[in-house]
Amino acid sequence: MNFPLLTVTAAVPAAGAVLTAAVPAARRTAAKWLALLFSLATLALAVLVAIRFEPGGDRYQLTESRPWIADFGVRYELGVDGIGVVLIGLTALLIPFVIAAGWHDADPLETQSSRWRPTQGFFALILLVEAMVIISFEATDVFLFYIFFEAMLIPMYFLIGGFGDRAHAGSDENAAAQRSYAAVKFLLYNLVGGLIMLAAVIGLYVVAGNFSLQEITAARAAGTLDMATNTERLLFLGFFFAFAVKAPLWPLHTWLPNAMGEATAPVAVLITAVVDKVGTFAMLRFCLGLFPDASKWATPVVLVLALISIVYGALVAVGQRDIKRLVAYASISHFGFIILGIFAMTSQGQSGATLYMVNHGISTAALMLVAGFLISRRGSRLIADYGGVQKVAPVLAGTFLIGGLATLSLPGLAPFVSEFLVLVGTFTRYPVVGIIATIGIVLAALYTLVLYQRTMTGPVKEQVRTMPDLHLREVLVVAPLIALLIGLGVYPKVLTDIVNPAVEHTMSDVKQTDPKPEVAVEAKNGEEAK
């Protein structure tokens with residue numbers, strides 16, 4: 001029997017969550033180091049998964065399959081393609097930085113008793129979310145995926161509602177009410193999406209007789225699975241709705257600004273850089289893989305919604321007064337680009353969308369974590385409360401600038417490559433859509449540079465005059481992320497070599513080929529005429 005590498009990769013952070021939660025209340029520092037150790041062990045396993053994965057090999061590799069609920073056709077089936085590999089790597093990479101950045105975010109207040117264990121709970125919940133996200137990227141049984149797709153909502157609910165941002169304007173009671181509202185809104189939106197998806201999962205079982213993604217896609221390719229057109233469209237809508245909530249796609253996005261605004265900066269990173277990627281990943285794996293004809297049928301509407309997300313998110317970000325909510329609306333715009341690339345139905349678009357998931361995760365983590373360090377020093381999330389920070393904390397301002405430039409997809413930084421591929425892939429099939437999408441690029445430059453100008457430049461405000469620069473721990477958190485943004489911007493081939501074969505399989509599922517450039521076609525016709 002082969003070593004169950006995928007199971008172990010998800011089980012290690014789950015075990016770390018249990019052990020971290022069991023650390024005695026007085027041993028808070030030990031709990032932090034234990035959580036960090038387990039996150040680094042998970043990262044090592046994710047690297048091993050990437051090493052053992054062969055980009056030119058089978059579509060799903062390192063597979064595991066065992067009976068689970070045999071009477072209902074449910075199996076414990078795992079497997080990864082190139083898209084899953086890079087997203088597992090992203091998740092495992094970011095969690096150690098999330099833990100290190102939130103080192104003091106859950107320390108108990110002086111008014112709390114010595115028996116209170118917020119620190120242990122905070123880091124245990126982060127590891128639990130990591131475990132559930134990883135197994136979601138690995139699951140090839142639809143029912144197994146659904147369980148963890150929904151289960152991750154519970155630890156996220158407690159992270160948002162129980163460990164909110166302490167830099168909140170107003171009374172403690174008002175802050176607690178805002179956190180509670182954000183957590184409940186997050187949970188309700190995602191639960192509604194999940195319940196609709198559950199109905200679609202049951203419908204899929206009635207039609208296909210099993211939950212195996214590989215068996216269903218193989219049966220569709222062979223023509224042995226008879227799925228009526230209307231049935232396929234209804235099932236697609238059930239899956240897509242849940243994934244659009246998680247993504248989040250306009251108009252199902254409104255929970256995200258509240259959740260990111262009220263959560264601590266590391267938890268905000270966990271939401272948008274890790275958890276939300278499950279939604280866009282699932283669009284590629286399940287919507288296009290299980291329902292290819294319905295995906296093509298829905299493409300015009302999805303492209304319109306993606307365009308609205310791009311422009312609306314960027315426009316609202318321009319007018320934000322709260323730093324964290326600005327980053328949240330910017331993320332809505334970026335997720336619009338990701339979904340645009342997926343449903344452009346071109347290899348460039350889908351490769352760019354996958355790279356965008358990774359690069360957006362890294363760039364948002366860098367920007368949001370530095371913003372969190374900034375907010376913790378001043379005790380305010382309002383942009384108007386800052387000014388002249390670069391004169392008193394140049395390292396903080398410099399890293400904030402690089403994170404912001406990555407957010408606006410500056411050439412030479414990683415997000416540029418992914419955004420370029422998404423736009424190229426969209427232009428080749430839907431040129432008008434591609435032209436409209438470029439508005440998001442212009443607006444991204446506007447909200448990013450205005451944010452930097454208002455917070456970091458100009459006269460030094462009295463409240464920031466004594467602001468300290470980044471400490472060693474904070475530099476160690478941000479520096480690797482900056483290095484990755486530059487490295488992947490210069491040499492993205494390390495990711496594209498893994499992703500492209502998986503994208504080819506997805507394009508085959510939907511029976512699409514890349515449009516031929518009109519110039520090349522005209523030139524060929526001219527040569528034939530001669």
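Residue numbers start at 1 and run along the sequence shown. Not measured: the values here are computed from a predicted model.
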Q.
Just checking F243 against F149, ring centres under 6.0 Å apart?
A. yes
Q. Are side-chain heavy atoms of I216 and L204 found at a separation under 4.5 Å?
A. yes
Q. Say you draw a straight line from CG of N190 to CG of L195; how long is it, rounded to the nearest 0.5 Å?
A. 11.0 Å
Q: Would you name the heavy atoms of A273 and L94 that are closest together and state the gap between them?
A: CB-CD1, 3.7 Å
Q) Of the non-hydrogen atoms in S309 and L249, which two are nearest, and what is the gap between them? A) OG-CD1, 3.3 Å
Q: Would you tell me whether D141 and S212 have side-chain atoms, one donor and one acceptor, within less than 3.5 Å of each other?
A: no
Q: Could you tell me whether H253 and F335 have their ring centroids closer than 6.0 angstrom?
A: no
**Q.** Distance-only side-chain donor-acceptor flag, T346 / R429, under 3.5 Å
**A.** no
Q) Have Y430 and T299 got a donor and an acceptor in their side chains that come within less than 3.5 Å? A) no
Q. Can the ring centres of F337 and H360 be said to be less than 6.0 Å apart?
A. no
Q.
Looking at every heavy atom in both I126 and V98, which two are closest together, and how far apart are they?
A. CD1-CG1, 4.0 Å
Q: May I ask you to decide if S347's main-chain N or O and S351's side chain share a donor-acceptor pair within less than 3.5 Å?
A: yes
Q. Does T272 reach the main-chain N or O of A268 with its side chain, forming a donor-acceptor pair under 3.5 Å?
A. no
Q: Ignoring hydrogens and angles, tell me if any N or O in the side chain of W255 forms a donor-acceptor pair with the backbone of V245 under 3.5 Å.
A: yes
Q | Check: F97 and L481 side chains under 4.5 Å, non-hydrogen atoms | A | yes
Q. Are E232 and R220 close enough for a salt bridge, meaning some N to O gap below 4.0 Å?
A. yes
Q: Would you name the heavy atoms of D497 and P55 that are closest together and state the gap between them?
A: O-CB, 3.4 Å
Q: With sequence neighbours excluded, give me every side chain to side chain donor-acceptor pair (under 3.5 Å) pair touching residues 475-488.
A: none
Q. Does E64 reach the main-chain N or O of L6 with its side chain, forming a donor-acceptor pair under 3.5 Å?
A. yes
Q) Crowded around Y60 OH? As in, over 12 foreign heavy atoms under 6.0 Å? A) yes
(Q) Any side-chain to backbone donor/acceptor pair from Y312 onto P251? Under 3.5 Å, distance only. (A) no
Q: Given side chain to side chain contact (heavy atoms under 4.5 Å, CB included), test F145 with V278 step by step and report yes or no.
A: CA-CA 10 Å; F145 168 83; V278 178; 4.0 Å; yes
Q. Do side-chain atoms of K246 reach the backbone of K277 as a donor and acceptor pair under 3.5 angstrom?
A. no
Q: Determine whether more than 12 heavy atoms belonging to other residues, nucleotides or ligands lie under 6.0 Å from atom CZ of F143.
A: no
(Q) For the backbone of E54 and the side chain of Q61, can you confirm whether one donor and one acceptor N or O come within less than 3.5 Å of each other? (A) yes
Q.
Is it the case that the side chains of Q320 and Y329 hold a donor-acceptor pair, with the cut-off being a distance below 3.5 Å and no angle test?
A. no
(Q) Any heavy-atom pair between the side chains of I362 and L488 that's under 4.5 Å? (A) yes
Q. Is S333 reaching over with its side chain to a backbone N or O of I310, donor-acceptor style, under 3.5 angstrom?
A. yes
Q) Under a 4.5 Å cut-off applied to non-hydrogen side-chain atoms, are F186 and L153 in contact? A) yes
Q.
Using the rule given for side chain to side chain contact (heavy atoms under 4.5 Å, CB included), can you reason through T399 versus V475, listing the C-alpha separation, both sets of side-chain angles and the distance that settles it, and then say yes or no?
A. CA-CA 9 Å; T399 53; V475 171; over 6 Å; no
Q) Do you know which two heavy atoms are closest between M456 and L374, and how far apart they sit? A) CE-CD2, 3.8 Å
Q) Just by distance, do the side chain of T364 and the backbone of G361 share a donor-acceptor pair under 3.5 Å? A) no
Q | Sub-4.5 Å side-chain heavy-atom contact between F148 and I134 | A | no
Q | Carboxylate-amine/guanidinium contact R285 D509, below 4.0 Å | A | no
Q. Is a side-chain N or O of T448 found less than 3.5 angstrom from the main chain of L405, in a donor-acceptor match?
A. no
Q. Do T7 and Y76 have side-chain atoms, one donor and one acceptor, less than 3.5 Å apart?
A. yes
Q. Is there side-chain contact between F416 and N359, with heavy atoms separated by less than 4.5 Å?
A. no
